[in-house]
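Each chain gets a letter, A, B and so on, in the order the sequences are listed, and its residues count up from 1.
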Protein chains: 2
Amino acid sequence: MLSQTTFPVSTSTIRDPHVRALLAQSKPGSVTFFPTDSVIYAQGDQAGPLYLVEFGTIRICRLTADGRRQVNSFHFAGDVFGFEAGDEHQSYAESVDGAGIRVLRAVDGSGFAEKLLGLALRGLARVQEHLLLLGRMNANEKMAAFILDLLQRQDADDVVMLPMQRNDIADYLGLTFETVSRVLRVLKDRRIILLPSVDRIEVLDADALAEVN
Amino acid sequence: MLSQTTFPVSTSTIRDPHVRALLAQSKPGSVTFFPTDSVIYAQGDQAGPLYLVEFGTIRICRLTADGRRQVNSFHFAGDVFGFEAGDEHQSYAESVDGAGIRVLRAVDGSGFAEKLLGLALRGLARVQEHLLLLGRMNANEKMAAFILDLLQRQDADDVVMLPMQRNDIADYLGLTFETVSRVLRVLKDRRIILLPSVDRIEVLDADALAEVN
DNA sequence: CGACCAATTGAATTGATTCAAGGTCCGTGG
DNA sequence: CCACGGACCTTGAATCAATTCAATTGGTCG
């Protein structure tokens, strides 16, 4: 009963030491494919398992009572997501662009908590960074910070792929999709970026991005 | 060498099971008093110890390069703060109103990580909640949510004490202090709250608060 | 090709900020 | 005890950044 998908093929390609450590302590399940916009878990679902992104992009979101959406985070290949405080998810996870997800289950008796703590603390740091962005940055600064974050996470030094659409970016940055569009135009007009296609940004001047008004 | 302040007097009065569990696994130091606006730890300081608030209020903040401030959280008596991802604090902690802080150090060999994980995950949940507030709520909603949060955390059902000043609230909610002032006036005019003094809110209609436009 | 969905762009509006002027509170010293 | 000074808070008026509403363009897929 050995199938390819149950074998932890991804382990060797994971860079992040926290994730590597976690993988070593867990029993990876098979990879499941989630088509664009499909739900990985819903708000209110039982929490518990962790998820490893094998490929593709997922978004973690919350809704207000009247349906406004905040995208808390995006996760790419190699990222682990799904840990929650209580036994219920207060946010929901969706595939952005068709993503392969592997479920991770803790191996009994191992120091799983230590490994998970490292990831949780880093998640906390990320989110706190995002508080500063949402609370104290203007539209241009938000977009610039987003592009720089993607540059770094995609390990590229000038081309950023945008697997998510304007609406997702807007809900991540606390803007409207029209504003996202306009800000990109401003950055283009200032010769800081190029927009060769709708899902691709070429960064001409990363320093300028970091100093956008 | 037994002094009153080194004895963990607070343990018995702590409600939060996560904090109780953590206290049981740690060696509480003595209580230090931090006067108003004094720094508990600075950005860039070595991280490591955890801190338990004995009395008073503290704020956790971050600054942008040009000095804008985001208050990430407030902590009151019984709250634990100070955990960070790396070995350096990326935010700084200050006393808001004169606070007593006890340092907690892990006892060797105990399951400290498990205990800390619970707290970290809850912190994560809190911060994610705050993302929704900063990203998708208007000024009135932000203020209403803040008051309701304080109501709950102060375990009161109609009177909220505001140990922090307008500026702190503004930087917590991603507003200016003038807007905070104006929003409070709006809520007063709508007969949802009373403002018997500058550091005190009486909630007349908590349901209305939860439904503020 | 036509239909549909996403993205862009423009114009008008608005919510929050900025700038400016008072007001309140509180501690200190005459 | 009261006057003064300073810090914080409130309120008003003008401004501005971002949103809303509306139209158009672009891209993709049957």
Side-chain angles (χ1 to χ4, degrees), chain A residues 35-37 57 59 64 66-71 96-98 133-146 161-190 193-201 212-213, chain B residues 35-37 57 59 64 66-71 96-98 133-146 161-190 193-201 212-213:
Chain A
T36 298
D37 293 332
T57 307
R59 58 175 175 252
T64 60
D66 60 338
R68 285 167 288 175
R69 184 181 71 154
Q70 174 65 38
V71 173
V96 168
D97 59 346
L133 181 147
L134 289 176
R136 286 290 174 242
M137 288 187 183
N138 64 32
N140 292 345
E141 294 172 314
K142 285 176 176 181
M143 195 66 220
F146 179 60
M161 299 301 287
L162 295 176
M164 69 295 284
Q165 50 192 51
R166 300 291 183 263
N167 215 320
D168 292 323
I169 299 174
D171 286 351
Y172 180 64
L173 300 179
L175 301 170
T176 61
F177 64 89
E178 295 100 325
T179 299
V180 168
S181 212
R182 278 186 262 265
V183 169
L184 286 174
R185 181 150 220 317
V186 168
L187 296 179
K188 196 175 78 172
D189 288 351
R190 293 190 193 168
I193 61 171
L194 293 179
L195 296 168
S197 73
V198 78
D199 62 349
R200 203 184 173 85
I201 297 177
V212 156
N213 86 37
Chain B
T36 298
D37 292 333
T57 306
R59 57 176 176 253
T64 61
D66 60 336
R68 285 167 288 174
R69 184 181 71 155
Q70 175 65 38
V71 173
V96 168
D97 60 346
L133 181 147
L134 289 176
R136 286 290 174 240
M137 289 188 183
N138 65 30
N140 292 345
E141 294 172 314
K142 286 176 176 181
M143 194 69 222
F146 179 61
M161 298 301 286
L162 295 176
M164 69 295 286
Q165 49 191 51
R166 299 293 183 263
N167 216 321
D168 292 322
I169 299 175
D171 286 351
Y172 180 64
L173 300 179
L175 301 170
T176 61
F177 65 89
E178 295 100 325
T179 299
V180 168
S181 211
R182 278 186 262 265
V183 169
L184 286 173
R185 180 149 220 319
V186 167
L187 296 179
K188 196 175 81 172
D189 288 351
R190 292 190 193 168
I193 62 171
L194 292 179
L195 297 168
S197 71
V198 78
D199 62 349
R200 203 184 172 85
I201 297 177
V212 156
N213 86 37

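Here the range on DNA chain C touched by chain B, meaning any atom under 4.0 Å from one of its heavy atoms, is dA16(C) to dC19(C).
Among residues two or more places apart in sequence or in another chain, the side-chain hydrogen bond (donor to acceptor under 3.5 Å, both in side chains) test is passed with S181(B) by none. Among residues two or more places apart in sequence or in another chain, the side chain to side chain contact (heavy atoms under 4.5 Å, CB included) test is passed with L195(B) by L184(B), K188(B), I193(B), I201(B). Scored by the salt bridge (Lys or Arg N to Asp or Glu O under 4.0 Å) test, R69(B) finds D168(B), D171(B) as partners (sequence neighbours excluded). Looking at residues two or more places apart in sequence or on another chain, you find no salt bridge (Lys or Arg N to Asp or Glu O under 4.0 Å) involving D97(B). N167(A) is linked by a side-chain hydrogen bond (donor to acceptor under 3.5 Å, both in side chains) to nothing, counting only residues two or more places apart in sequence or in another chain. Take S197(B) and apply the side-chain hydrogen bond (donor to acceptor under 3.5 Å, both in side chains) test, not counting sequence neighbours, and it matches D199(B).
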Pairwise N/O distances under 3.5 Å, protein to nucleotides 15-18 of chain D:
from, atom 1, to, atom 2, distance (Å)
dA18(D), OP1, A139(A), N, 2.7

Could you pull out the protein-nucleic contacts involving nucleotides 21-30 of chain D (nitrogen or oxygen on both sides, under 3.5 Å)?
from, atom 1, to, atom 2, distance (Å)
dC21(D), N4, E178(A), OE2, 3.2

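With rounding to whole Å, M164(B) atom CE is found 11 Å from dC9(D) atom P. Between N167(B) atom CG and dA7(D) atom C1' the separation is 12 Å, expressed in whole Å.
Across the interface with DNA chain C, nearest-nucleotide mapping of L195(A) and R136(A) shows L195(A) to be the residue nearer the 5′ end. In terms of position on DNA chain C, the residue among S181(A) and V180(B) whose nearest nucleotide sits closer to the 5' end is S181(A).
Annotation: salt bridge (Lys or Arg N to Asp or Glu O under 4.0 Å) contacts involving residues 173-186 of chain B, sequence neighbours excluded, comprise R185(B)-D189(B).
With contacts defined as side-chain heavy-atom distances shorter than 4.5 Å, the pair L134(A)/Q70(A) qualifies. Inter-residue side-chain proximity for Y172(A) and V180(A) is flagged as unmet; no heavy-atom pair is nearer than 4.5 Å. Taking 4.5 Å as the limit, some side-chain heavy atom of V198(A) sits within range of a side-chain heavy atom of R166(A).
Rotation axes derived from the C1' atoms of the five outermost pairs at either end of the helix from dC1(C)-dG30(D) to dG30(C)-dC1(D) lie 30° apart, to the nearest 10°.
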When the side chains of residues 138-145 of chain B are checked against the rest of the protein, which donor-acceptor pairs come out under 3.5 Å, sequence neighbours left out?
from, atom 1, to, atom 2, distance (Å)
N138(B), OD1, N140(B), N, 3.1
N138(B), OD1, E141(B), N, 2.9
N138(B), ND2, N213(B), O, 2.7
E141(B), OE1, R68(A), NH1, 2.9
E141(B), OE1, R68(A), NH2, 3.4
E141(B), OE1, N138(B), N, 2.9
E141(B), OE2, R68(A), NH2, 2.6
K142(B), NZ, L173(B), O, 2.9

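For the atom pair CD of Q165(B) and OG1 of T36(B), the computed distance is 9.0 Å after rounding to the nearest 0.5 Å.
P163(A) and T57(A) make their closest contact through CG-OG1, 3.2 Å (heavy atoms, listed as atom of the first residue, atom of the second, distance).
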